[in-house]
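Input: a single structure, listed below in structure tokens.
Naming convention: chains lettered A, B, ... in sequence-line order (proteins, then strands); numbering from 1 in each chain. Computed from a predicted structure; not experimentally measured.
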Protein chains: 2
Amino acid sequence: MDLYKQLLTYNIKPSIQRVAIMNYLLTHRTHPSADEIFLKLNKSMPTLSKTTVYNTLKLFAEHGAALMLTIDEKNVCFDGDTSPHAHFLCKKCGKIYDLPMASSAKEVMEMKSDGHLITEVHNYYKGICKNCLKDINID
Amino acid sequence: MDLYKQLLTYNIKPSIQRVAIMNYLLTHRTHPSADEIFLKLNKSMPTLSKTTVYNTLKLFAEHGAALMLTIDEKNVCFDGDTSPHAHFLCKKCGKIYDLPMASSAKEVMEMKSDGHLITEVHNYYKGICKNCLKDINID
DNA sequence: GTGCTTGCAAATCGTTTGCAATAGC
DNA sequence: GCTATTGCAAACGATTTGCAAGCAC
């Protein structure tokens, strides 16, 4: 399995659980919370514990294998896509969408960092998504 | 008192508690959490309740009188400065600093919003602040 | 005196911790 | 066998809720 190697490149020892969680992240680009991942995977892996999901996601984030998003004030969410991109949270339906990151956002910010060492860039946008806008217009 | 009028411009009925909390936000630009505000104000207002602090901050955020920041995964923080600017969280000392927002970040993003209606822009940066960097270099 | 605001106590819920059982080299 | 990983149950802590008392116009 390919995910095995991929975890190793991040210096993460692969285990059944870790591979399953990474696989979930990469095949479900919905920016799930730890609880969502647990609930879904628990169906096919009944012995999986919530603790392991939390431990694993934290490990992934620390090793750069996943992004930890704090866009939603209720839950921390996770993203298996670590390439630079922005996120949009719909305040109506709660979905998180990917958006392209403003092209030079990273470079511009390094100039404006005021002497701080920046290691993470998070661009969050909030509002009403196009699907919810549609529903509102119909009303 | 000036804050009285200011709250009214946001359609917020001023009360002793609300004025005190807004005053704290405007005189302490440290991006405090609800709990921090409560602990500080409680000294001079012993009857103030934590519930009121939470209610008030939520009200402020809904009326655009303050920003609700989710940069820190532990606590929601609040900012009385509602002008467009970015935030930097130091992973070592936990302090949140203000940074100028990349000049055209807002405009660029409206072009790239993919049909969603954007009402809030949050630019978060994380890393090590210049003061903590200094300490590390001395070691 | 009606409606909004406050404040207390309890509940909620996402997340973390302690620790024993287990798996992998 | 030793070390890292897992999983359960309990703890934790930030935030919310229910509701009664207080305040303002």
Side-chain angles (χ1 to χ4, degrees), chain A residues 1 3-5 7-8 10-24 31-63 65-66 68-78 89 94 96, chain B residues 1 3-4 7-8 10-24 31-63 65-78 89 94 96:
Chain A
M1 185 175 278
L3 288 178
Y4 234 85
K5 287 185 185 171
L7 288 180
L8 284 172
Y10 287 109
N11 285 315
I12 296 170
K13 252 197 208 168
S15 71
I16 309 270
Q17 292 87 345
R18 290 174 179 176
V19 169
I21 292 168
M22 180 53 82
N23 182 56
Y24 187 89
H31 314 90
S33 66
D35 204 62
E36 275 171 65
I37 296 172
F38 168 73
L39 287 174
K40 292 292 175 57
L41 288 184
N42 195 44
K43 290 175 186 169
S44 47
M45 297 180 75
T47 68
L48 180 69
S49 85
K50 207 175 272 194
T51 306
T52 299
V53 176
Y54 276 100
N55 287 343
T56 301
L57 290 170
K58 193 181 174 189
L59 189 79
F60 286 178
E62 285 166 357
H63 287 243
M68 183 181 281
L69 308 180
T70 59
I71 189 172
D72 181 352
E73 67 228 37
K74 298 292 169 196
N75 296 288
V76 174
C77 300
F78 293 88
L89 170 70
I96 296 174
Chain B
M1 184 176 276
L3 287 177
Y4 233 85
L7 288 180
L8 284 173
Y10 287 109
N11 285 315
I12 295 170
K13 251 198 208 168
S15 71
I16 308 271
Q17 292 86 346
R18 290 174 180 177
V19 169
I21 293 168
M22 179 54 80
N23 182 54
Y24 187 89
H31 314 90
S33 66
D35 205 61
E36 275 171 65
I37 297 173
F38 168 73
L39 286 175
K40 294 291 176 57
L41 289 184
N42 195 44
K43 289 176 187 167
S44 47
M45 296 179 76
T47 69
L48 181 68
S49 85
K50 206 175 272 193
T51 305
T52 299
V53 176
Y54 276 102
N55 286 343
T56 300
L57 290 169
K58 193 181 174 190
L59 189 79
F60 286 178
E62 284 166 356
H63 287 242
L67 298 179
M68 183 181 280
L69 308 180
T70 59
I71 190 172
D72 181 354
E73 66 228 36
K74 299 291 170 199
N75 296 289
V76 175
C77 301
F78 293 88
L89 171 71
I96 296 174

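Rounding to the nearest 0.5 Å gives a distance of 8.5 Å between CD of A:Q17 and OG of A:S49.
Considering only side-chain atoms of B:R18, the nucleotide from C:dT6, C:dT17, D:dG18 that sits closest is C:dT6. When the nucleotides D:dT15, D:dT6, C:dA9 are ranked by their closest atom to the side chain of B:T51, C:dA9 comes out on top. Counting only heavy atoms from C-beta on, A:K74 has its side chain closest to D:dT16 among D:dG7, C:dG7, D:dT16. Nearest to the side chain of A:Q17, among C:dT6, D:dT6, D:dT16, sits D:dT6.
A:N42 approaches A:L48 most closely through the heavy-atom pair OD1-O, 3.4 Å. When every heavy atom of A:L89 is checked against every heavy atom of A:G94, the shortest pair comes out as CD1-O, 3.4 Å.
In this entry the distance linking CG of A:N75 with P of D:dT16 reads 13 Å, nearest Å. In this structure, the CG atom of B:D35 is 13 Å from the P atom of D:dT16, given to the nearest Å. As a whole-Å value, the separation of B:M45 CE from C:dG7 P is 7 Å. Atom pair B:E62:CD and D:dT16:P shows a separation of 10 Å (rounding to whole Å applied). The CD1 atom of A:I37 sits 14 Å away from the C1' atom of C:dT15 (whole-angstrom rounding). Atoms CD1 (B:I12) and C1' (C:dC4) sit 14 Å apart, rounded to a whole Å. The CD atom of A:E73 sits 17 Å away from the C1' atom of C:dT15 (whole-angstrom rounding). In this structure, A:L59 atom CG and C:dT15 atom P are separated by 17 Å, rounded to whole Å.
Nucleic acid contact for B:T47: sugar-phosphate only, since backbone atoms but no base atoms lie under 4.0 Å from a heavy atom of the residue. As judged by a 4.0 angstrom heavy-atom cut-off over every strand, A:S15 is placed among residues touching the sugar-phosphate backbone only.
Without hydrogens or angle criteria, A:T70 side chain to B:T70 main chain gives a donor-acceptor distance under 3.5 Å.
At the phosphate of D:dT16, neither OP1 nor OP2 sits under 4.0 Å from any side-chain N or O atom of B:Y54. Between A:T52 and the phosphate of D:dG7, there is a side-chain N or O to OP1/OP2 separation shorter than 4.0 Å. For C:dG3, the OP1/OP2 oxygens have no side-chain nitrogen or oxygen of B:K13 closer than 4.0 Å.
Each of B:K50 and A:A34 was assigned the nucleotide of DNA chain C with the nearest heavy atom; the assignment lying further toward the 5' end belongs to B:K50.
The shortest distance between side-chain heavy atoms of B:T52 and B:F38 does not fall below 4.5 Å.
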